[in-house]
Structure formats: structure tokens, C-alpha cells
Number of protein chains: 2
Amino acid sequence: MVTISDVRAAGLLGDPYRADCPTRRILDRIGDRWTVLVVVALADAELRFSELRRRVEGVSQKMLTQTLRGLERDGLVRRTVHPEVPVRVEYDLTEAGRTLLVPLQALQEWSVEHLGEVTASQEEYDRA
Amino acid sequence: MVTISDVRAAGLLGDPYRADCPTRRILDRIGDRWTVLVVVALADAELRFSELRRRVEGVSQKMLTQTLRGLERDGLVRRTVHPEVPVRVEYDLTEAGRTLLVPLQALQEWSVEHLGEVTASQEEYDRA
DNA sequence: CGGAATCCACGGTGATACTG
DNA sequence: CAGTATCACCGTGGATTCCG
């Protein structure tokens with residue numbers, strides 16, 4: 001049971017409603033379709049652009065580029081260019097990027113744990 | 001330092017890349033602009049529609065309605081209609097909804113902790 | 001008060017073609 | 001191989017109006 005005071009004590013309250021609050025800014029960033037998937041894909045290995053594209057199912061080349069640029073700009077992903085022919089570019093998480101995996105994991109655990117419950121609720125709702 | 005094995009041991013890997021994986025489905029759900037803010041707004045109190053609208057800065061009536069319907073469908077928010085005149089409708093989190101606050105809090109803590117770092121990285125990136 | 005319905009604009013996204 | 005550039009779409013979301 002998660003009590004109100006648990007949440008309060010943890011400082012979750014305050015004003016996460018304001019557009020400029022940190023939580024909202026981060027959620028806006030990772031809220032897009034691909035950012036989280038790319039970060040997770042880089043959890044266990046440094047990957048080349050094309051490898052990344054194969055791993056993250058459904059991402060277009062444009063969106064992968066765009067997502068990687070954003071993550072690089074945020075300092076969460078490092079881009080390494082090996083000046084060979086043909087060019088080899090590799091991506092991996094920075095230390096900051098790696099810390100982000102922790103909260104993402106909490107979210108993933110919640111998802112796995114509650115997906116059945118949520119799905120059941122949806123089906124019941126849709127019958128009415 | 002978050003190691004690769006930490007992440008691996010926690011079961012974050014697997015294939016969160018597939019479109020039908022739980023993580024992705026949940027992220028798609030809470031990834032929208034308002035869901036998280038509404039859940040957090042309901043963390044400490046049962047609220048009426050109009051109270052909720054005032055608390056969640058910037059949300060339109062349409063999107064608040066839509067967001068609440070979605071959360072109700074997922075079984076995360078409970079809607080209570082008091083048949084008075086005029087009608088009074090109140091919203092609060094279900095037990096499942098309350099558990100979702102925990103991972104959201106982890107994400108918020110990360111945001112607060114890393115916002116400065118991320119912002120600095122962005123500014124440096126933009127200079128180049 | 002708490003919505004539902006409608007109309008419409010914008011931007012995120014994908015497909016395609018081209019480049020160093 | 002790893003992008004950039006361009007175009008076209010369409011779904012999200014805002015503004016407005018109306019209803020029980």
C-alpha cells in the first residue's frame with residue numbers, strides 16, 4: 001500500500017504542474033516515441049547506427065538520427081566517429097545516461113507487474 | 001556508478017524494442033502530455049473536475065476529459081458522480097493508480113537531480 | 001458544473017531521394 | 001555507412017459551441 005504520506009515525504013508533490021518544472025521538462029523529453037527505447041537499447045552495448053536501427057524495431061532512419069541528436073545534446077549519449085572508409089559511428093551511454101536507466105527500470109517493472117491488471121480493466125470498461 | 005551488470009541483473013534488458021512489449025505499451029500511454037501530471041495532481045487529494053483543471057496548468061477541458069477517461073479505463077483513476085444539482089464529479093486514484101506514483105517519483109527524482117547537468121550539456125552543444 | 005461535439009491548425013512522423 | 005533534405009500526411013490537441 002502506497003500511502004499519501006509516502007508520496008509526500010518523498011517530495012513528489014510541490015508543483016509539477018507548472019510548465020517549467022524539472023519533471024515536466026524531462027517527461028516532455030523522454031515522452032517521445034523513441035528516446036526511452038534508444039536508451040534501453042544502449043544499456044548493454046555500444047552500437048553502430050545501423051545496429052541500433054535494427055534493434056529498435058520500427059524506428060525510421062530520420063527519427064533515429066533525431067533521437068540520437070537529442071540525447072547527445074542532453075549529454076546522455078556519446079557519439080564516436082571512427083574516420084575510416086566507410087565511416088563507422090558508434091553510440092553509447094554516458095555516465096548520466098546510465099543513471100537514467102534506473103528510473104526507467106522502475107517504470108518497466110511497474111509495467112510488467114500491472115499490464116495484466118490494466119488490460120483487464122480496459123476490457124471491462126469497453127464492455128460498458 | 002551504474003554498471004551494465006546492475007542493469008542486466010535487474011532484467012531491464014530483454015526486448016523492450018518490440019511494439020507489443022509491456023514497457024512500450026505503458027510508455028505510450030503515459031507518454032502523452034497530461035497523464036502523468038493528472039496522476040500526480042491526484043496524489044494527495046480527491047479532486048473535482050474544475051479543481052483538477054486549475055491544478056494542472058495549461059490543460060484544456062477536452063484533454064482533461066480525455067486523459068481522465070483513459071485513466072479510468074486503465075483502472076488507475078476512479079470517477080465518482082454525486083447526483084446533486086448541479087452535478088458534482090470527483091476523481092481519485094485507485095490502489096493501482098497509487099502504485100504508479102512510485103516509479104513516477106523515481107523519474108522525478110532523476111529529473112531534479114540531473115536537470116542542471118542536462119541543461120548545461122544542451123547549452124554547450126548549442127554553442128557548437 | 002461537467003462534460004460532448006465539432007472544426008481546424010500545427011507539428012511530429014514516415015517515405016523518398018540524394019550526399020560525403 | 002551514416003546521414004541530410006524535402007514533401008506529404010494525419011493524429012494530437014486547442015478553441016469554440018452546445019447540452020443535461
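Proteins come first, then strands; the chains are lettered A, B, ... in the order of their sequence lines, and each starts at number 1.
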note = Between CD of B/Gln66 and P of D/dT12 the distance, given in whole Å, is 8 Å
query = Starting at the 5' end of DNA chain C and moving along, which residue's nearest nucleotide shows up first, A/Pro86 or A/Asp32?
reply = A/Asp32
query = Could you give the CG-to-C1' distance, from B/Asp28 to D/dT12, as a whole number of Å?
reply = 14 Å
query = Side chain of B/Arg48: nearest nucleotide among D/dG13, C/dC1, C/dG3?
reply = C/dC1
inquiry  = Any base atoms under 4.0 Å from A/Arg69, or only sugar-phosphate, or nothing? Heavy atoms, all strands.
reply    = sugar-phosphate
task = Please state how far atom CE in B/Met63 lies from atom C1' in C/dA5, giving the value in whole angstrom units.
result = 15 Å
request  = Figure out the CZ/C1' separation between B/Arg33 and D/dT12, and round it to whole Å.
outcome  = 11 Å
message = Taking A/Gly58's backbone N and O only, do any of them form a donor-acceptor pair with A/Arg53's side chain (distance below 3.5 Å, no angle check)?
response = no
ask   = Between D/dA2, D/dG3, C/dG14, which nucleotide has the shortest distance from any of its atoms to the side chain of A/Gln61?
value = D/dG3
ask   = Charged N to carboxylate O below 4.0 Å: is that the case for B/Arg69 and B/Asp74?
value = no
task = Return the value, rounded to whole Å, for the distance between atom CD of B/Glu57 and atom P of D/dG14.
result = 13 Å
request  = Check whether any side-chain N or O of A/Thr94 sits under 3.5 Å from a backbone N or O of A/Leu76 as a donor-acceptor pair, and report yes or no.
outcome  = yes
ask   = Tell me: CG of B/Leu64 to P of C/dC1, nearest whole Å?
value = 15 Å
query = Charged N to carboxylate O under 4.0 angstrom, B/Asp92 versus B/Arg79?
reply = no
remark   = Taken to the nearest whole Å, CD/B/Glu72 to C1'/C/dG2 is 13 Å
ask   = Within the distance-only criterion (no hydrogens, no angle test), does the side chain of B/Ser121 pair as donor or acceptor with the backbone N or O of A/Arg73 below 3.5 angstrom?
value = yes
message = Considering every strand and a 4.0 Å limit on heavy-atom distances, what is the contact class for A/Arg53: base, sugar-phosphate, or nothing?
response = nothing
ask   = Roughly, in whole Å, what's the span from CZ in B/Arg79 to C1' in C/dG2?
value = 8 Å
ask   = Considering only C/dG14, D/dG13, D/dT4, which nucleotide approaches the side chain of A/Thr65 most closely?
value = D/dT4
key: Listed nucleotide nearest any side-chain atom of A/Lys62, set C/dA15, C/dC7, D/dG3   = C/dA15
